[in-house]
Engineer: 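Encoded as C-alpha cells, here's the structure I'll be asking about.
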Amino acid sequence: MRVLCVAEKPSISKSISQILSGGRFTTNETRSKYIKNYEFDYPQTNSFFTVTCVTGHLTGSDFPETHRKWNSCDAFDLFDAPVETHIASDKKAIEENLLTQARRADTLMIWTDCDREGEHIGLEIVRVCKRAKRNIVVKRARFSAIIAQQIHHAAQHPVELDRAQADAVEARIMLDLKVGAAFTRMQTMILQNHFAQLADGKNVVSYGPCQFPTLGFVVQKWNLVKSFVSEPFWFIYLALTSSAGEETPFNWKRGHLFDEDVAVSLYDFVLSDPLARVIKVTKKGTKKWKPLPLTTVELQKAGSRLLRLAPKKVLDIAEKLYQQGFLSYPRTETDQFDPQFDFQSLIQKQTVDPAWGDFATSLTQNGFSAPRKGKNNDKAHPPIHPTAHAGNLAGDDKKVYEFITRRFLACCSKDAEGFQTIVDVECGGEFFSATGLIVLERNYLIVYPYDKWVGHELPDFEEGQEFQPSVCELREGKTSKPSLLTEADLVTLMDKNGIGTDATIAQHIQTIIDRDYVIEKIEGNTKYLIPSKLGIGLIEGYNQMGLNKSLSKPQLRRETERSMVQVCEGQKTKGDMLEETIEQYKEMFIIARREFPKVVSRTTLS
DNA sequence: GCAAGGTC
C-alpha cells in the first residue's frame, strides 16, 4: 500500500520522516524550493510512505471580478457577494507536487497541526488530491508533539479529518473578507472626500476585525493618560535608624489615604503614643519561581521589554534562527514540555558556550529540575527552545538567541531560594510592617539576568520588643500619571482579549503603524505607542455612533471566536454562523455609513 | 487599493 503523508510545513515533514523511517529515507526535490519529498518503507503498517508538505494554507479567497474593483458595486453589496477560492499563485508548484504524488498513492494521510487552521489546511490538501485521484482514502494523523512514540502511534491509528473545524475556519475566512472589505471601502471613500492626501487612491483607511480592537487599546490608554488628574494622598511613614545609620522603613498597613482629615486624625493618635511594639516576627523560607517555558507571545513581550525589539522583529529573527536550525518552531502557544522531552541532550549542546556553558554543565550534573508546567498546550509544538548551539551570531540575532537559550536553561534549573522576615509593628493603634529578604541560592537567576531578586536585610527584632521610631511623619504624595502603552502591554492586551493569534499579533500591531493610525514614540529606553489624529478620530468616531456593540472593542471578535467554537462542537452550522454574523455586521454597516460623515466633523478627523 | 490566518 502506498501512503501519501502531507504535513503543514517543511520542518514537520522532515521530522516525521526521520522518526517513522528510523533515519533511512530517500529525499527527492520538488519544483518548490521549500519542499522535499521523503520516501521509505514503513513495515509496521506494510506500507510505502511518501512524506511531503504544504506551506500553510494553499488557497486564498477573494471576490469575483464583478465585485473586485472598488467602484464595481456598492460596498454594502459585498456582504452578499460570492467569494471565490483559488490556489494562490505562489503555491502552484506545491499543488502540482500534491497532484503527482496523489496519483501514485492509495491513501492520503493528513499530518497538519492539530488545531482548527490545521484541519482546514487538511481539507484544502484533500480537495487537491481528490482531483488527481477521486477515490483516494483519506485519513488524519493525530499527534500532540513531535516525539517518536506519538508519531508512530499517529501513523498506526489514524482518525478522520474533522470537517466541523474546517467549516468554522471557512466561515471565518468569508466573514473577515466581507467585513474587512466593506468597511474599508466605506471608510476610505467617505474620508477621501475630506482629505486631499487620501484622494490619490493609494492610502487606504482599512478596517479589520483585529486591527480595530488593537487600535482601540492604544486610543483607550492614550485617553486615560491624557485625562489623568493627579490626586494627593497621605500616609504615615515610620522608620527606625540603626546606630550604623541604616534606615528600616515600615509600611503602613492602610497604604495611603485620599482623605487628608482622616489621615491627620490617625496620625494624631499615633503621635499621642509614639512607642512602637513588635507584635509578630515571621521568618520563613521563600522562593522566586523560575520562568515558565517560552511561548511566542511571551517571547514577543520579553523581546519588546528586555531586548527593546519590536514584536514583529523578534518573531522575524526567531523565524530566521529556526530556518537555520538553531531554534525550535517559534510559533507556539504551549508553555509545558512533554514529559518525554529530551532535556539533557539539548542542555549538553549548550555546555560549550563561553557565557552559559558552565551553568549548562551544572544542569547535566545535579542542578537539573523539571520545568514548570503552564496551562497552555496547542498540541502541535513544544515551547520555544534552542535546538543547537549557535556561537557565531551577532547583533539582534544574538540577543534573541541568547534570551531563548537562557530562558530554556532557567526553565531546567531550580527556583531561587531565599529567607524572608516580616516584622509586624503596632504604633498608636496603627499597624505597620517591614519585610527583609536574604537570597540563599540564586539557582536559575545565575543564568537568567532578566529577573531581579535583591536581598535587603532587616535588623533583628523580637516579639514584644518596643522601640522609639526615629522617623514618624505624615507624608504627602500624589498619584502619578499612568504610562503610555508599550508594545509589550499591547501584546498582553491582545492575547488576553483573544485578538489575533500567536502568529499574527505582531502583524496587527505593524498594520496599525503602517496605516498611520499609530506612531511609535521612543522615550529613553522604551518604545511607546501613541495614536495619530487619524487613529483617534476613527475610534472616537465609532464610539460616538451609538452602536450597541462597538466596532473598536474586543467584544465582537470574541463573539466570532465563540461562534467558531460552536461550529466546531456541532452546535451550529457554518451557514448559520455566517448568516447570523453577517446580518449583525450589515446593521452596523448601515448605521456606520450614515453616521460617518457626521462624526468626521465632530472628531479630530475634521 | 479591502481581512485574518497559515507559512516562506
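So that the names make sense, note that chain A is the first sequence line, chain B the second, and so on, each numbered from 1. These numbers were taken from a predicted model, which means no experiment stands behind them.
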Engineer: I'd like to know if A:Glu561 pairs up with A:Arg116 as an ion pair, taking the criterion as any Lys NZ or Arg NE/NH1/NH2 lying under 4.0 Å from an Asp or Glu carboxylate oxygen.
Structural biologist: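 Counted as a salt bridge, because a side-chain N and a carboxylate O are separated by less than 4.0 Å.
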
Engineer: For the pair made of OH in A:Tyr207 and C1' in B:dC2, what is the distance, rounded to whole Å?
Structural biologist: 13 Å

Engineer: Rounded off to whole Å, could you give me the CG-to-P distance for the A:Asp316 and B:dT7 pair?
Structural biologist: 14 Å

Engineer: For A:Glu119, is there an ion pair with A:Arg163 - N to carboxylate O distance below 4.0 angstrom?
Structural biologist: no

Engineer: In whole Å, what is the span from the OH atom of A:Tyr517 to the P atom of B:dC2?
Structural biologist: 11 Å

Engineer: Classify A:Lys91 by what it touches in the nucleic acid, base, sugar-phosphate, or nothing, heavy-atom distance under 4.0 Å.
Structural biologist: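 It contacts base atoms.
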
Engineer: Of all the nucleotides listed (B:dC8, B:dA4, B:dC2), which has the minimum atom distance to the side chain of A:Arg331?
Structural biologist: B:dC8

Engineer: Check the distance between B:dA4's P and A:Gln510's CD and give it to me in whole angstrom.
Structural biologist: 14 Å

Engineer: Measure from the ring center of A:Phe79 to the ring center of A:Phe589 and say whether it is less than 6.0 Å.
Structural biologist: yes

Engineer: Can you measure A:Leu78 atom CG to B:dC2 atom C1' for me and round it to whole angstrom units?
Structural biologist: 9 Å

Engineer: Nearest to the side chain of A:Ala503 - B:dG5, B:dG6, B:dG1?
Structural biologist: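 The nucleotide sitting nearest to the side chain is B:dG6.
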
Engineer: Using a 4.0 Å heavy-atom cut-off, does A:Arg116 contact any base of the nucleic acid, only the sugar-phosphate backbone, or nothing at all?
Structural biologist: nothing

Engineer: Could you tell me whether A:Thr511 contacts a base, only the sugar-phosphate backbone, or nothing, with contacts defined as non-hydrogen atoms closer than 4.0 Å?
Structural biologist: nothing

Engineer: Using atom NZ of A:Lys9 as one end and atom C1' of B:dT7 as the other, report the distance to the nearest whole Å.
Structural biologist: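 Answer to the nearest Å: 8 Å.
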
Engineer: Nearest heavy atom decides the nucleotide; on that basis, is A:Lys69 or A:Pro10 closer to the 5' end of DNA chain B?
Structural biologist: A:Lys69

Engineer: To the nearest Å, how far apart are A:Asp176 CG and B:dA4 P?
Structural biologist: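 The distance from CG of A:Asp176 to P of B:dA4 comes to 6 Å, rounded to the nearest Å.
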
Engineer: Looking at A:Asp176 and A:Arg557, does any basic side-chain N land under 4.0 Å from a carboxylate oxygen?
Structural biologist: yes

Engineer: A:Gln507 CD to B:dC2 P: how many Å, rounded?
Structural biologist: 15 Å

Engineer: Indicate whether OP1 or OP2 belonging to B:dA3 is found under 4.0 Å from a side-chain N or O atom of A:Arg515.
Structural biologist: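 True: A:Arg515 side-chain N/O within range (under 4.0 Å) of B:dA3 OP1/OP2.
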
Engineer: It should be established whether A:Tyr329 places a side-chain nitrogen or oxygen under 4.0 Å from OP1 or OP2 of nucleotide B:dT7.
Structural biologist: yes

Engineer: Verify the ring-centre separation between A:Phe596 and A:Tyr542: is it less than 6.0 angstrom?
Structural biologist: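 Centroid distance A:Tyr542-A:Phe596: below 6.0 Å, so yes.
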
Engineer: Return the 5'-most residue of the pair A:Ser206, A:Thr501 with respect to DNA chain B, ranking by each residue's nearest nucleotide.
Structural biologist: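 First, find each residue's nearest nucleotide; the 5'-ward one identifies A:Ser206.
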
Engineer: Are A:Leu58 and A:Ile121 side-chain neighbours, meaning at least one heavy-atom pair lies under 4.5 Å?
Structural biologist: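 No, too far: nothing below the 4.5 Å cut-off.
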
Engineer: Tell me whether the centres of the aromatic rings in A:His385 and A:Phe341 are closer together than 6.0 Å.
Structural biologist: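 Centroid distance A:His385-A:Phe341: below 6.0 Å, so yes.
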
Engineer: Looking for any heavy atom pair under 4.0 Å, which part of the strands does A:Gly500 touch: base, sugar-phosphate only, or nothing?
Structural biologist: sugar-phosphate

Engineer: Would you say a side-chain N or O of A:Arg557 is under 4.0 Å from OP1 or OP2 of B:dG5?
Structural biologist: yes

Engineer: Closest to the A:His57 side chain: B:dA4, B:dG6, B:dG1?
Structural biologist: B:dG6

Engineer: Are A:Trp70 and the base of B:dG1 stacked, counting only ring centres nearer than 5.5 Å and planes tilted under 30°?
Structural biologist: yes

Engineer: Closest approach to the side chain of A:His508, judged atom by atom: which nucleotide of B:dC8, B:dG6, B:dG5 is it?
Structural biologist: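 Selected nucleotide (nearest to the side chain): B:dG5.
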
Engineer: To the side chain of A:Ile173, which of B:dA3, B:dT7, B:dG5 is closest?
Structural biologist: B:dA3

Engineer: What's the closest nucleotide to the side chain of A:Ala181 if the choices are B:dT7, B:dC2, B:dA4?
Structural biologist: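 The listed nucleotide nearest to A:Ala181's side chain is B:dC2.
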
Engineer: Can a donor-acceptor pair under 3.5 Å be found between the side-chain atoms of A:Asp90 and the base atoms of B:dC8?
Structural biologist: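 No such pair is found, so the answer is no.
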
Engineer: By the 4.0 Å heavy-atom rule, please label A:Thr184 as base, sugar-phosphate, or nothing.
Structural biologist: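 Contact class for A:Thr184: sugar-phosphate only.
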
Engineer: In terms of side-chain heavy atoms of A:Val204, which of B:dC8, B:dC2, B:dG5 is nearest?
Structural biologist: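 Ranking B:dC8, B:dC2, B:dG5 by closest atom to the A:Val204 side chain puts B:dC2 first.
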
